[in-house]
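Structure first, commentary second.
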Amino acid sequence: QVQLVESGGGLVQAGGSLRLPCAASGRTSSTAAVGWFRQAPVKEREFVAAVSWRGGATYYADSVKGRFTISRDNAKNTVYLQMNSLKPEDTAVYYCAAGGLSRYPREYDYWGQGTQVTVSS
């Protein structure tokens, strides 16, 4: 089992920044990567970014490329999503997940409870 806890969400003005940590515990060695997803009201959950535990390979959705950065601290078992130049359309509940290195939610076995990010215009 892997437990994931997100934090760092909140209300920010457009153009601002937030950093979301995802603290992982348990058998993280059983997973290849951590991904961030988001879900806005009445929308499907969408991929944001992912990073592999080993090697640190990263992948981003086109909508966040150049604005968001995913990174990991293996010693702390924590993955960070640095979000800059935030836009109102970034408003969503953000989830971190552990599993395979993929853009697809079905490839992730473990999920956090989510943290709300609201960007005001």
Side-chain angles (χ1 to χ4, degrees):
Q1 290 289 332
V2 176
Q3 295 78 41
L4 301 166
V5 179
E6 307 97 333
S7 59
L11 173 64
V12 63
Q13 288 188 331
S17 298
L18 283 174
R19 189 177 79 152
L20 306 183
C22 171
S25 60
R27 296 187 63 234
T28 56
S29 60
S30 67
T31 62
V34 169
W36 281 97
F37 293 79
R38 65 187 181 186
Q39 188 165 17
V42 303
K43 290 190 175 180
E44 291 188 357
R45 191 167 297 190
E46 65 170 350
F47 171 76
V48 175
V51 63
S52 64
W53 284 117
R54 303 181 191 88
T58 57
Y59 298 92
Y60 296 93
D62 288 343
S63 58
V64 306
K65 208 171 287 184
R67 299 188 298 123
F68 291 12
T69 302
I70 190 169
S71 62
R72 88 249 191 262
D73 184 335
N74 285 21
K76 296 182 179 179
N77 272 355
T78 299
V79 171
Y80 302 94
L81 185 67
Q82 177 68 43
M83 306 186 296
N84 298 329
S85 302
L86 283 161
K87 305 175 181 179
E89 51 264 43
D90 295 318
T91 295
V93 177
Y94 283 71
Y95 299 90
C96 67
L101 183 60
S102 172
R103 298 173 177 269
Y104 300 102
R106 64 176 181 264
E107 300 295 329
Y108 292 81
D109 299 311
Y110 305 100
W111 291 82
Q113 82 287 352
T115 186
Q116 176 71 46
V117 171
T118 303
V119 184
S120 63
S121 57

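Numbers for residues simply follow the sequence, beginning at 1.
- Each of Val5, Leu81, Leu4 was scored for a side chain to side chain contact (heavy atoms under 4.5 Å, CB included) with Cys22, with one residue passing: Leu4.
- Every side chain to side chain contact (heavy atoms under 4.5 Å, CB included) that Arg19 has, sequence neighbours left out, goes to Tyr80, Gln82.
- With hydrogens and angles disregarded, no donor-acceptor distance shorter than 3.5 Å links the side chain of Tyr60 to the backbone of Arg67.
- By the ring-ring contact (aromatic ring centres under 6.0 Å, His included) test, Trp111 pairs with Phe37, sequence neighbours left out.
- One distance of note links OG1 of Thr118 with CG of Asp90; it measures 11.0 Å at 0.5 Å rounding.
- The local environment of NZ in Lys65 is crowded, with over 12 non-hydrogen atoms from other residues, nucleotides or ligands closer than 6.0 Å.
- Under the 4.5 Å side-chain criterion, counting only non-hydrogen atoms from C-beta, Asp109 is not in contact with Val2.
- Other residues, nucleotides and ligands contribute at most 12 non-hydrogen atoms within 6.0 Å of the CD atom of Gln1.
- Side-chain contact check for Thr78 and Asp73: no donor-acceptor pair (N or O, by modelled atom type) lies under 3.5 Å.
- Partner of Cys96 under the side chain to side chain contact (heavy atoms under 4.5 Å, CB included) criterion, chosen from Tyr108, Tyr110, Trp36: Trp36.
- Defined by atom type and a distance below 3.5 Å, a donor-acceptor pair is present between the side-chain atoms of Trp53 and Thr31.
- For the pair Gln116 (side chain) and Gly10 (backbone), a donor-acceptor distance under 3.5 Å is absent.
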Checklist entry - Between Arg72 and Asn74, does a side chain to side chain contact (heavy atoms under 4.5 Å, CB included) hold up when you go through it step by step? => result CA-CA 6 Å; Arg72 88 249 191 262; Asn74 285 21; 2.8 Å; yes
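- Judged purely by atom type and a 3.5 angstrom limit, Gln39 has no side-chain atom pairing as donor or acceptor with the backbone of Ala92.
- Closest approach of Pro88 and Ala14 over heavy atoms only: CD-CB, 4.1 Å.
- Not counting sequence neighbours, Phe68 has no partner by the ring-ring contact (aromatic ring centres under 6.0 Å, His included) test.
- Residues Asn84 and Ser17 share a closest heavy-atom pair of OD1-OG, 2.9 Å.
- The backbone N or O of Ala57 lies less than 3.5 Å from a partner atom in the side chain of Ser52, making a donor-acceptor pair.
- Within the 3.5 Å criterion, the main-chain N or O of Gly9 finds a donor-acceptor partner in the side chain of Thr115.
- Rounding to the nearest 0.5 Å places CG of Leu101 at 12.5 Å from OH of Tyr104.
- When side chains are defined from C-beta on, Leu18 counts as touching Val117, because their heavy atoms get closer than 4.5 Å.
- Judged by the 6.0 Å and 45° rule, Arg38 forms no cation-pi pair with Tyr95.
- In the hydrophobic clustering of ILVMFWY residues, with side-chain heavy atoms under 4.5 Å counting as a link, Leu86 and Val48 come out together.
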Next on the checklist: Could you go through Met83 and Leu20, starting from their C-alpha distance and side-chain angles, then the distance that decides it, and tell me whether this counts as side chain to side chain contact (heavy atoms under 4.5 Å, CB included)?
Outcome noted: CA-CA 8 Å; Met83 306 186 296; Leu20 306 183; 3.8 Å; yes
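- Interatomic distance, OH of Tyr59 versus OG of Ser102, reported as 10.5 Å (0.5 Å rounding).
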